[in-house]
> 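I'd like to ask you about the structure that follows.
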Amino acid sequence: MQQTTGDRVTVALRAGDPVSQAGVASQLRTRPEVKVIDWDEPDTPQVVVVVLDVLDDGALRVLRQIQRTSTARGVLVTTHIDEQQLVNAAECGFVGVVRRAEATPERLVQVIGAVAKGEGRVPPDLLGSLLEQVGRLQGQVLAPNGLNFTGLAAREIEVLRLVAEGYDTADIAMKLSYSERTIKNVLHAVMTRLNLRNRSHAVAYALRQGLI
């Protein structure tokens, strides 16, 4: 079935050299799933595809600059990338990664479509290594300090759970054997650190994260 313009993902390209820019553009312009636009067009791209040989400090500056100045989600096409570079790219909002050797038009369109929907796509071999790295971080750094990847300590999660169940500060203090002042401090710390407006917002955050 022919896709309408409204169904197509708008894509802007950035490449380290004109040949790469022209090559990827020619691959994508023939695909009905995407619409390639120029940076200076009035349309805001849904996805930006950046083509780089290596993810060095200069390349990371480019990714951060795009993150600061655009709402588009990012796809990175690069010759070589390791686990740490993958983390660096993700921190810049680039959650789709394709190696140049695997960057067929079909693969590029698949990754662009997934990223446009808010999903991530990385090479399978890197995903396994990344999960191992995440596990080591949780076990060696976060867990010994009572933390998890949400940035919340176990005590903070327990306080939020009781708030969600309708208990007031005095009840929570009694249940957890803390002073009311401590409970208030815990809630204030959570809301300040995560930029949450009030207790209800904090509870909603914990629910979205699957903590309570």
> Could you pull out the closest heavy-atom pair between Ala103 and Val77, with the gap in Å?
CB-CG1, 4.1 Å

> Can you tell me which residue pairs pass the side chain to side chain donor-acceptor pair (under 3.5 Å) test with a partner in residues 65-75, sequence neighbours excluded?
none

> Taking side-chain hydrogen bond (donor to acceptor under 3.5 Å, both in side chains) as the test, write out the residues that go with Asp171, two or more places apart.
none

> Residues two or more places apart in sequence or in another chain: which of them pass side chain to side chain contact (heavy atoms under 4.5 Å, CB included) with Met191?
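For Met191 the side chain to side chain contact (heavy atoms under 4.5 Å, CB included) partners, ignoring immediate neighbours, are Leu187, Leu196, Ala202.
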
> Are Glu33 and Arg31 ion-paired here, with the side-chain N under 4.0 Å from a carboxylate O?
yes

> Who pairs with Glu165 by side-chain hydrogen bond (donor to acceptor under 3.5 Å, both in side chains), at least two apart in sequence or on another chain?
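Partners of Glu165 under the side-chain hydrogen bond (donor to acceptor under 3.5 Å, both in side chains) test: Arg161.
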
> Listed by chain and number, what are the side chain to side chain contact (heavy atoms under 4.5 Å, CB included) partners of Ser179, not counting sequence neighbours?
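In terms of side chain to side chain contact (heavy atoms under 4.5 Å, CB included), with neighbours along the sequence ignored, Ser179 is linked to Arg181, Thr182.
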
> My understanding is that only residues two or more places apart in sequence, or in another chain, count here; which of them pass side-chain hydrogen bond (donor to acceptor under 3.5 Å, both in side chains) with Glu180?
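For Glu180, no residue satisfies side-chain hydrogen bond (donor to acceptor under 3.5 Å, both in side chains) once neighbours in sequence are set aside.
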
> Looking at residues at least two apart in the chain, or sitting in another chain, which of them share a side-chain hydrogen bond (donor to acceptor under 3.5 Å, both in side chains) with Arg107?
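With sequence neighbours excluded, Arg107 shows a side-chain hydrogen bond (donor to acceptor under 3.5 Å, both in side chains) to no residue whatsoever.
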
> List in chain and number order the residues that pass side chain to side chain contact (heavy atoms under 4.5 Å, CB included) with Lys175, two or more places apart in sequence or in another chain; answer none if no residue qualifies.
Leu162, Tyr167

> Do Ile112 and Leu28 come close enough that some side-chain heavy atom pair is under 4.5 Å?
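With C-beta onward as the side chain, the pair touches.
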
> Who pairs with Asp82 by salt bridge (charged side-chain N to carboxylate O under 4.0 Å, His left out), at least two apart in sequence or on another chain?
none

> Show every salt bridge (Lys or Arg N to Asp or Glu O under 4.0 Å) that has at least one partner inside residues 47-63, sequence neighbours left out.
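As it turns out, the salt bridge (Lys or Arg N to Asp or Glu O under 4.0 Å) pairs with a partner in residues 47-63, which skip direct neighbours, are Asp53-Arg100.
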
> What pairs with Arg14 under salt bridge (charged side-chain N to carboxylate O under 4.0 Å, His left out), at least two apart in sequence or on another chain?
none

> How would you list, by chain and number, every residue that makes a side chain to side chain contact (heavy atoms under 4.5 Å, CB included) with Ala25, sequence neighbours excluded?
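Residues passing side chain to side chain contact (heavy atoms under 4.5 Å, CB included) with Ala25: Leu13, Arg29.
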
